[in-house]
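A quick write-up on the structure given underneath.
Computed from heavy atoms alone, side chains included, the values below leave out hydrogens, waters and symmetry copies. Numbers restart at 1 for each chain; the letters A, B, ... are given by sequence-line order, proteins then strands.
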Amino acid sequence: GENVEQHPSTLSVQEGDSAVIKCTYSDSASNYFPWYKQELGKRPQLIIDIRSNVGEKKDQRIAVTLNKTAKHFSLHITETQPEDSAVYFCAAGGIDTDKLIFGTGTRLQVFP
Amino acid sequence: DAGVTQSPTHLIKTRGQHVTLRCSPISGHKSVSWYQQVLGQGPQFIFQYYEKEERGRGNFPDRFSARQFPNYSSELNVNALLLGDSALYLCASSLLQGLLSPLHFGNGTRLTVT
């Protein structure tokens, strides 16, 4: 069945360092890949998304890369700050379907 | 602009009871999706509604049902509650059908079944 694997489950970095979170999806029909940030007790917030017609997208300190052949996509956060600490979820879905399949989440801790 | 609003924020029910959760989408959004998030896991798709019609259903039992109203708000109903239904129920709205436009989540309803 459809599945999205996400690694690592926890990630601790020093402020200013980079953080990378990786996801693998199983459904080759997937063509939309959003990333959500969820702080404790709060709603998931969309931070960046990519569609399959591009291989990379950047928004300030955040970038996402996509390798459709390998069915991999990754989130890169540069110059991390303590306020980046949260749980990050990747997800995959088809533009012509109705649902997102989420990964299991990565708890990112940025130490000052 | 108001975001997606959900009510109630918290709810405690006992096994066998039923529950109704409510969601108001962002103004102008015609699509509403429901997701279940068990503690420590990613959200799982339950339903999507667009223009008052069910457009997608996840792998949940028939005890789960939903509907969308003419003003695009939505209700999620769960009958015969089980302990395993305890979770955060998230509603998301989007401008277009399916994943043609990004999903914006509400703060969720935390349901506890005892």
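Aromatic pair A/Phe102/A/Tyr36: ring centres closer than 6.0 Å. Aromatic pair A/Tyr25/A/Phe33: centroids less than 6.0 angstrom apart. Remark: aromatic rings of A/Trp35 and A/Phe73 are close, center separation under 6.0 Å.
Residue A/Gln45: no heavy atom, backbone or side chain, is found under 4.5 Å from chain B. Contact annotation for B/Leu90: only side-chain heavy atoms (C-beta onward) come within less than 4.5 Å of a heavy atom of chain A. At a 4.5 Å heavy-atom cutoff, the contact between B/Leu88 and chain A is made by side-chain atoms alone. Using a 4.5 Å cut-off between heavy atoms, A/Arg107 makes no contact with chain B at all. Residue B/Tyr35 touches chain A through its side chain alone, counting heavy-atom pairs closer than 4.5 Å. In this structure, no portion of B/Gln6 lies under 4.5 Å from any heavy atom of chain A. Using a 4.5 Å cut-off between heavy atoms, A/Pro34 makes no contact with chain B at all.
For the set B/Gly56, B/Gly42, B/Gly98, B/Ala92, the entry with the most heavy-atom pairs within less than 4.5 Å of chain A is B/Gly42. Most heavy-atom pairs under 4.5 Å with chain A, from the set B/Gly58, B/Gly106, B/Ser94: that is B/Gly106. Contact count against chain A (heavy-atom pairs under 4.5 Å) is highest for B/Pro102 among B/Gly108, B/Ser31, B/Pro102. Ranked by heavy-atom pairs under 4.5 Å with chain B, the list A/Asp49, A/Leu46, A/Thr104, A/Leu100 is led by A/Leu100.
Considering B/Lys52, B/His29, B/Glu51 in turn, B/Glu51 is the only one that fulfils the side chain to side chain donor-acceptor pair (under 3.5 Å) rule with B/Tyr72. Among B/Arg63, B/Lys13, B/Gln36, the one residue that satisfies the side chain to side chain donor-acceptor pair (under 3.5 Å) test with B/Asp85 is B/Arg63.
A/Val4 and A/Ile50 fall within a single hydrophobic cluster, where Ile, Leu, Val, Met, Phe, Trp and Tyr are joined by side-chain heavy atoms under 4.5 Å apart, directly or via other members.
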Side chain to side chain contact (heavy atoms under 4.5 Å, CB included) evaluation trace for B/Leu111 with B/Val19: CA-CA 9 Å; B/Leu111 172 64; B/Val19 67; 4.2 Å; yes

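Side-chain atoms of A/Thr80 and A/Glu15 form no donor-acceptor pair, as typed in the model, at a separation below 3.5 Å.
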